[in-house]
Amino acid sequence: MSSLKLGVEVVGAHDLLAKDGRGSFCPFVELEFDGQRCRTTTKEKDLSPVWNESFYFNVSDPNKLSSLPLEAFVYNHNKANNAKTCLGKVRLTAPSFVNYSDAVVLHYPLEKRSILSRAKGELGLKVFVTDDPTIKPSNPLPAMDPDVVPKSIPKEKNGKRHTFFHLPNAKQPQQQQQKVTPAPPQQQMNYGVHEMKSGPQALKAVNMFPGSSSQPFDYALKETSPFLGGGRIVGGRVIRGDRPTSTYDLVEQMRFLFIRVVKARDLPSKDATGSLDPYVEVKVGNYKGITKHYEKKQNPEWNQVFAFSRETVQSSVLEVVVKDKALVKDDSVGFVRIDLHEVPTRVPPDSPLAPEWYRLEDKKGEKKKGELMLAVWYGTQADEAFPDAWHSDAIAPGDSTSVSPTYIRSKVYHSPRLWYVRVNVIEAQDLVPADKSRFPDAYVKVQIGNQILKTKPVQTRNMNPIWNEEFMFVAAEPFEDHLTFTVEDHAGPNKDETIGRTVIALNSIDRRADDRFVRTRWYNLEKSLSDAMDSDRAKKDKFHSRLHVCVCLDGGYHVLDESTQYSSDLRPTAKQLWKSSIGVLELGILNADGLQPMKTRDGKGASDTYCVAKYGHKWVRTRTIVNSLNPKYNEQYTWEVYDTATVLTVGVFDNSQIGGSDNTRDNKIGKVRIRISTLETGRVYTHCYPLLVLHPSGVKKLGELHLAIRFSSTSMVNMMSQYSRPLLPKMHYKRPLSVIQQDILRHQAVNIVAARLGRAEPPLRREVVEYMSDANAHLWSMRRSKANFLRLTSVFSGLFSAGNWFGEVCTWKNPITTVPVHILFAMLVCFPELILPTVFLYMFLIGVWNYRYRPRYPPHMNTSLSCADAVSPDELDEEFESFPASKSSDIVRMRYDRLRSVAGRIQTVVGDIATQGERLQALLSWRDPRATTIFVLLCLVAAIVLYVTPFQMIALLAGFYVMRHPRFRHKTPSAPINFFRRLPARTDSML
């Protein structure tokens with residue numbers, strides 16, 4: 001028997017539905033889990049009862065815990081007839097079962113037990129998992145009348161309520177009159193706090209709690225119940241609190257002290273020359289921020305905003321100091337002191353607070369010459385000054401220069417609008433090679449930026465070669481690169497001579513949104529690139545070699561800049577083809593917990609993390625939280641949704657631009673993918689996502705990310721009609737691109753997006769864009785190949801199970817099942833019009849039955865499904881190998897031999913499938929004349945028999961023959977199988 005147990009604390013309920021008006025409402029709760037039932041005491045005349053009773057259930061099979069639901073029914077005990085009436089129920093599944101240290105009391109809304117019933121109110125439960133052997137399971141409810149409710153006597157012991165049930169003596173044995181739900185002693189209630197912190201026991205606990213694919217508990221998704229701006233989130237619903245709601249209702253409100261330093265005037269100078277290099281230092285407790293300085297300016301303007309977290313403010317006075325950078329001695333020009341108790345609070349959409357002039361003072365508090373314009377207020381992250389402000393959580397206390405504000409600010413980026421450029425190189429005319437004694441071996445090189453493609457060399461007996469080859473490129477608006485054609489002559493080995501060039505500006509190219517005809521054009525070839533760039537030179541010269549091409553910008557395609565499985569946008573480039581949006585996606589990035597140190601600073605581990613979210617053309621980046629392993633972001637963003645078959649990606653990175661990093665690349669900490677189609681409309685999903693990263697040493701959990709997500713539909717009709725439309729724009733089906741073309745173009749698109757976003761301020765670095773776009777997902781991986789093979793076998797597992805079941809029916813392993821199958825088969829043969837209705841009705845009933853088991857949370861990365869938990873170190877090293885390979889020849893040879901072994905098995909399977917197909921072809925090919933003769937004669941006999949015999953009789957006899965009793969079977973294969981296996985194939989013609 002497993003020691004794993006499910007603990008349930010029934011705290012209380014409130015706002016229950018009264019069944020009558022006589023005040024005889026007597027509620028109690030009945031719990032059901034894994035075939036076990038327990039019951040609380042009955043509360044007399046209480047619509048908001050409080051129980052505080054604990055129950056523990058045995059888990060019979062830990063491997064099935066993810067599929068075992070916990071159901072809590074709230075009943076009313078009717079004393080008149082000693083019956084019970086259901087007031088509602090709560091059904092919890094695996095994501096709600098957490099360790100004791102993570103468990104909190106959640107109030108779940110009561111659901112209807114049936115369609116016609118009514119439900120109202122909430123039930124407070126605390127559910128957790130423990131494997132403490134000292135915890136004894138609660139005695140289950142004894143066999144009794146279902147309508148009989150036991151009377152109970154609650155007692156207090158060691159500060160914990162214990163419940164004892166007194167059962168009727170006539171119906172129960174003596175031993176069942178004992179206490180039913182004894183709670184453990186008080187000293188045992190810390191079972192999960194200390195034990196789960198230790199390594200071995202924690203590992204034991206997580207291994208005994210698998211997910212759908214034996215997912216370790218520590219890697220599983222966990223549902224949370226945070227108090228956000230709109231109220232507390234319980235079960236995806238918002239329970240309003242006392243706080244006023246705001247537009248930032250998916251994040252926790254964070255209070256900040258904002259100081260806007262606008263400008264100064266008439267500043268006094270302490271230098272004999274009268275010059276002044278002023279800057280301002282803002283101090284709140286141990287935190288201080290500094291503006292930029294100006295040289296020799298007595299009336300400077302800064303207009304900089306500083307934001308200090310109110311949680312870290314340890315002072316009641318704000319001190320703003322004007323200093324002179326030119327002074328050798330660190331002396332101040334003047335002070336402005338503000339009492340923080342007098343600072344007003346601003347809540348958007350209020351207008352910005354007007355700044356005021358403050359007279360400078362000296363250290364003694366006496367007025368001095370000079371004034372400083374300031375605006376000081378309390379606000380939240382909803383303030384429009386928040387994104388561009390200098391933040392106190394970006395520095396350590398007492399340090400104001402360790403971090404440049406450029407690398408820590410939160411920003412919104414828009415990826416460039418991408419176009420496919422279709423180029424058709426048709427022919428050239430009147431080429432003039434350098435060596436006039438021979439005909440040129442000419443080819444054309446087409447280039448846009450760093451994208452270069454070439455035609456095949458063509459040898460002709462004249463100076464007018466014809467290629468007629470088509471190429472595809474990727475370009476981004478605004479167009480910065482030109483389209484360059486270079487005609488070259490392959491004069492010899494490693495010797496290519498340029499015949500001429502022509503340059504076309506992308507802005508001048510025709511654009512189209514469909515497959516309409518685009519007229520071709522002739523372009524003059526110039527000897528040099530500068531001449532080709534000069535558009536006026538073509539009018540001066542009399543003779544030119546010419547190039548005939550057809551070029552257009554194809555706006556009917558969607559330019560794939562990410563992996564097709566994780567696309568966040570499927571719209572075409574041409575805006576006139578865009579449909580109206582179907583909804584709005586809101587994301588609240590709350591905080592991260594338990595992050596692993598990514599660098600060393602002052603002899604200690606540290607992390608300077610920020611989050612990046614990508615959906616469609618919009619990228620967002622949170623501010624960087626410096627030197628924190630549990631950062632709080634609380635930033636909310638919104639996207640328009642045009643298709644539900646898209647994916648939102650959120651990644652966490654360590655900022656390498658801040659001191660202490662060993663390299664200049666931003667280290668990846670993990671990412672989360674959420675498919676929009678898996679979200680219910682209007683529901684708020686608050687979950688804790690594990691940040692899993694695959695390293696050469698194996699899969700690692702580098703922390704957890706807390707997110708709040710809500711998808712709201714603006715048009716239900718448009719959203720439902722999306723499921724009948726093509727996934728990609730029409731041009732992908734009218735003129736489809738090959739798989740190789742798609743991979744090359746996607747690689748070029750990622751490079752363009754990374755280059756453009758890397759030029760923003762602050763830059764979104766290339767490694768971040770590539771990681772978020774899965775740029776290397778197409779590379780070979782033995783682990784990924786195994787995972788895909790297991791996914792394929794899982795897809796066909798239902799067919800294999802059905803085949804095994806039918807085999808058992810045919811062999812009469814269970815006659816009770818075989819006989820009804822024969823009867824059903826006979827009915828369907830006699831009434832064939834019932835076949836399709838029966839199939840569709842069966843699928844409808846299965847769908848309705850599975851509705852109660854539908855997933856209540858979005859899917860997340862699964863290490864078991866990805867084969868990341870059992871991969872060998874060498875396979876991981878091969879997966880992280882650069883391309884081309886840089887390992888030693890022995891390692892490359894070993895991997896090549898392993899790949900040959902795997903490919904040999906695949907080759908055998910493909911050959912066997914081809915052999916069966918060739919045997920089918922051999923039936924009528926007279927390759928084996930005797931076998932073809934037998935088959936032809938059998939076809940003639942079958943045609944006569946089928947003509948004179950009703951089809952239903954033939955089908956009935958064939959079915960009964962296949963499902964005949966084993967007594968009428970032979971151990972050797974049947975005659976048709978033997979005949980088919982003897983047919984020849986083309987394997988004997990293989991070398």
Side-chain angles (χ1 to χ4, degrees), residues 63-64 66-67 210-216 219-221 560 562-567 570 645-647 649 671 673-675 677-678 692 694 698-699 723 726-728 732 736-740 742-743 746 774-808 839 842-843 846-847 850 853-855 858-872 874-876 878-880 895-920:
N63 293 323
K64 297 182 179 179
S66 61
S67 60
S212 59
S213 301
S214 302
Q215 176 86 334
Y219 294 168
L221 196 66
L560 297 170
E562 52 197 342
S563 180
T564 53
Q565 291 87 357
Y566 317 124
S567 293
L570 300 172
T646 48
V647 177
T649 306
K671 66 181 172 184
R673 298 193 198 99
I674 300 168
R675 186 168 290 275
S677 59
T678 62
L692 305 177
L694 193 64
V699 63
Y723 288 88
L727 186 65
L728 294 171
H732 287 271
L737 303 175
S738 65
V739 177
I740 297 178
Q742 291 181 18
D743 288 340
R746 184 170 68 89
D774 287 287
N776 298 323
H778 63 287
L779 297 179
W780 161 257
S781 168
M782 180 70 75
R783 173 194 61 84
R784 198 177 292 115
S785 301
K786 291 180 180 178
N788 290 334
F789 177 76
L790 294 178
R791 288 172 56 201
L792 186 63
T793 57
S794 176
V795 168
F796 291 102
S797 61
L799 294 177
F800 297 152
S801 300
N804 294 334
W805 173 82
F806 185 72
E808 293 177 357
V839 171
Y842 181 66
M843 289 191 292
I846 291 178
N850 290 338
Y853 304 107
R854 66 190 186 278
H860 186 50
M861 298 180 185
N862 193 307
T863 55
S864 300
L865 180 66
S866 306
C867 293
D869 51 356
V871 60
S872 65
D874 182 69
E875 291 178 359
L876 282 176
E878 180 185 17
E879 184 171 346
F880 286 92
R895 292 173 179 172
Y896 174 66
D897 292 341
R898 180 176 60 195
L899 185 61
R900 289 178 61 192
S901 175
V902 174
R905 300 173 195 171
I906 298 175
Q907 170 185 287
T908 302
V909 173
V910 173
D912 291 342
I913 296 175
T915 297
Q916 308 308 321
E918 290 169 353
R919 285 173 176 170
L920 287 174

dist H732:NE2 -> L727:CG (nearest 0.5 Å) comes out at 9.5 Å
Between S563 and Q565 the two heavy atoms that sit nearest each other are OG-OE1, 2.7 Å
(message) Quick check against the 3.5 Å criterion: does N862 have a side-chain atom that pairs as donor or acceptor with the backbone of L865?
(response) yes
Value for CG (L570) from CG (L728), rounded to nearest 0.5 Å, stands at 6.0 Å
Between the NZ atom in K786 and the OG atom in S866, the distance rounded to the nearest 0.5 Å is 13.5 Å
| message | Under 4.0 Å between a side-chain nitrogen and a carboxylate oxygen: does that hold for D774 and R746? | response | no
Is it the case that atom OH in Y853 sees more than 12 heavy atoms from other parts of the structure closer than 6.0 Å? yes
CE (M861) and NZ (K671) are apart, to the nearest 0.5 Å, by 5.5 Å
Heavy atoms of other groups near R854 CZ, more than 12 under 6.0 Å = yes
Note to self: Contact between M782 and R898 at the side-chain level, heavy atoms closer than 4.5 Å - yes or no?
What the structure shows: yes
Taken to the nearest 0.5 Å, the spacing of I913 CD1 from T908 OG1 works out to 11.0 Å
Sorted by chain and number, sequence neighbours left out, side chain to side chain contact (heavy atoms under 4.5 Å, CB included) with Q742 holds for L560, L737
Problem set entry | Distance-only side-chain donor-acceptor flag, T863 / D869, under 3.5 Å | no
Note: P858 and L221 closest approach over all heavy atoms is O-CD2, 3.2 Å
Apply side-chain contact (heavy atoms from CB on, under 4.5 Å) to residues V699 and Y219 and explain how you reach the verdict. CA-CA 10 Å; V699 63; Y219 294 168; 4.3 Å; yes
- [ ] Please tell me if the side chains of P855 and T678 come closer than 4.5 Å, counting only heavy atoms from C-beta onward.
- [x] no
So does I740 have more than 12 non-hydrogen atoms from other groups sitting under 6.0 Å from CD1? no
Between Q907 and V902, is any pair of side-chain heavy atoms under 4.5 Å apart?
no
Whether the side chain of S797 engages the backbone of S794 through a donor-acceptor N/O pair (distance < 3.5 Å, no angle test) should be reported. yes
With sequence neighbours left out, the residues meeting salt bridge (charged side-chain N to carboxylate O under 4.0 Å, His left out) with R783 are E879
Separation between CZ (R784) and SG (C867), nearest 0.5 Å, reads 11.5 Å
